[in-house]
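Everything below concerns the one structure shown next.
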Amino acid sequence: MNFLHQAISQAFDTIFNVQIPENQVNLEQTKKEFDGHVTFVVFPFIRHTKKSPEETANILGQYLKENCTQVADFNVIKGFLNIVLNDEYWLNTFEQQILKEDFGFLKPNGEKVMVEYSSPNTNKPLHLGHVRNNLLGYAVAEILKAAGYEVIKANLVNDRGIHICKSMLAWQKFGNGEKPETAHLKGDHLVGKYYVIFDQEYKKEIEALKADGKTEDEAKKQAPLILEAQEMLQKWEAGDDEVKTLWKTMNSWVYAGFDETYKKLGVNFDKFYYESNTYLLGKDIVEEGLAKGVFFKKVDDSVWIDLTADGLDEKLVRRADGTSVYITQDLGTAQLKYDDFKMQQSIYVVGNEQDYHFKVLFLILAKLGKSWAKGLYHLSYGMVDLPSGKMKSREGTVVDADDLIQEMQDTAKEKTEALGKVDHFEDAEKENLYRMIGMGALKYFLLKVEPKKRLLFDPKESIDFQGNTGPFIQYTHARIKSVLTKANYQELKVTYPSHLAETELDLIQILSKYPEVLASAAKEHNPAAIANYTYDLAKSYNKFYQTESILKVEEENIKQFRLQLSCHTAATLNKGMSLLGIEMPERM
RNA sequence: GGUUGCAUAGCUCAGCUGGAUAGAGCAACUGCCUUCUAAGCAGUAGGUCUCAGGUUCGAAUCCUGAUGCGACCA
């Protein structure tokens, strides 16, 4: 499309004697209800041409038609110049770009980027909110890879702290030595069970204390269980053998459970960080900040940074007693990550409840003069809410990840069986298909919405399998594969037809947009752009499929062309969906 | 109280750096399987783009304010 920018810029120069740089020539796709493929809006330029919009557009259109072999025709409606490109141009685009092996992958740009995502707590199993995080992180990482970056997927596991101690303590007191094998529970669910038990018992103690006349606050602080949990945390920090052993055991249960869930979700990591190793980091940075005069001490010896000039508050970075706060360890971990990989960009996939935290974190690093601070980015996403409101694990109103995955697969099975198309499949293929479709529906559902928007999930309404959904796109793919199989398709040199059908041209035009959609999805960290594109492509193919016959056309070259077009549509659908972690079945 | 995000059809969402009569899907209604997979295609109906100002030849899009929902900071 570059030639058009150039030609229009040239036209302004030769006809009107005004210099319009190519990058100021904005072209957009012509709306469906008008003739043409590309539209140039002339309104902004009529002050240069000193002619009416219509006249300007007509003059430019005439110039393009005479000087560009690719321009077949044009029409003008008010200030809109609609340009019709000839079939040869589109076939050339198809052959020179879309057919190429590396179509859909941008050239390596030599930049390294870390995507940190998932980052779970080891005291409870994953829920729907984590699923969104995992799918987003994975997809963004894959998109960046395809866009030419070298990507490191990182997972910072929150494996220590008071919340783990709560689970540990409850297990010690009420567990009777229960293990995942004896309880027939996934390890993460077993540990989560004791986290809930802790909370229940703790609440009982609070009520008892309140009955004795304590205030709510006093009761919360004085309940024996919480005191014991705090004591356990101190022992852990002191390296107490017994506590550490229990901690290791219970964490290993959780990891086994997480591994299973990660596997089902199809996500993976290149690098794990554990807070048990990083929670003491950042002390050096506090000293560094004091030395550089970025931080200051208050009379009680606590260390702060003043961010009021940036519209934020004063922020504590070290307590008066010398202990770290949450952000201190994040400062240290950021430095550690950079030292490990020297990446140009570092993306944190974390919910929008931590917007303020990351704003402060990045700002502090910038003020400390870290050259890499400008590459830090918080990919903030909206919460997943239920119709009843927020999910709360302690109140049991969470949508459990494992349950949800199972339900999706069950639903996929039900719907597939009802259609009766796979009765002759081997059992293994059927099971695999149900898995693909169920996960495809779930992943697409969560990823088609822009990350920053919050998401409403109604467990009572099952996720759709029709329309703008994962299965629709999977179905389109399977449909194409079926045609190709029937034709025993082998790619060979095609003599292209002299005339393109409307649906063929539309399809080529949409296919040709894939690289720029990918580039923009990478730039915006937005998997939804890929999802929506893939849907448009599938829809466009289905229209073509419905309108034109492929296997039954008389002319062999048209048949070959349509097969080739189908084949590369399937390939592009596959590329796009694979960035979202969605697998495409050969048949369904 | 302060900061920040969101608000588009009954529901779920698109709408690129401002452009033509605001688009999809679901749900409702109507057609299309003796023809390449009907998880599909075509059509009907459904809108004061939360509200009020402003900038502009032109605003769902940009600015200001209000309202509603959410999050965060004390």
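Throughout, a chain's letter reflects where its sequence line sits, starting with A, and its residues are numbered from 1.
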Measuring from the side chain of [X] (C-beta onward, heavy atoms only), which nucleotide among [options] has the closest atom?
X	options	value
A/Lys359	B/rA24, B/rU3, B/rA39	B/rU3
A/Glu353	B/rU37, B/rC13, B/rC72	B/rC72
A/Tyr475	B/rC26, B/rU37, B/rC73	B/rU37
A/Lys421	B/rA39, B/rC41, B/rU21	B/rA39
A/Ser549	B/rA71, B/rU37, B/rC36	B/rC36

Exactly one candidate in A/Arg435, A/Lys430, A/Glu429 meets side-chain hydrogen bond (donor to acceptor under 3.5 Å, both in side chains) with A/Asn432; the answer is A/Arg435
Name the stems that RNA chain B belongs to, where each is three or more consecutive Watson-Crick or G-U pairs with both distances under 3.5 Å?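 Stem list for RNA chain B: B:1-7 with B:67-73, B:10-13 with B:23-26, B:28-32 with B:40-44, B:50-54 with B:62-66.
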- request: Look at the rings of A/Tyr514 and A/Phe103 and say which category their plane angle falls in: under 30° parallel, 30 to 60° tilted, over 60° perpendicular.
  value: tilted
Whether [X] contacts [N] is assessed here as follows: a side-chain N or O lying under 4.0 Å from the phosphate OP1 or OP2. Is that the case?
X	N	result
A/Lys31	B/rU21	no
A/Lys552	B/rC36	no
A/Lys481	B/rC36	no
A/Lys452	B/rC6	yes

Taken in chain and number order and not counting sequence neighbours, the residues that satisfy side-chain contact (heavy atoms from CB on, under 4.5 Å) with A/Lys31 are A/Glu33, A/Phe34
*asked:* Ring centres within less than 5.5 Å and planes less than 30° apart: is that true of A/Phe43 and B/rG19 in this structure?
replied: yes
Residues passing the salt bridge (Lys or Arg N to Asp or Glu O under 4.0 Å) test with A/Arg132, sequence neighbours excluded, are none
- prompt: Base, sugar-phosphate alone, or nothing: which one does A/Thr547 contact when heavy atoms must sit under 4.0 Å apart?
  reply: nothing
Can you tell me whether the base of B/rC13 sits syn or anti, using the 90° cut around 0 to define syn?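 It is anti.
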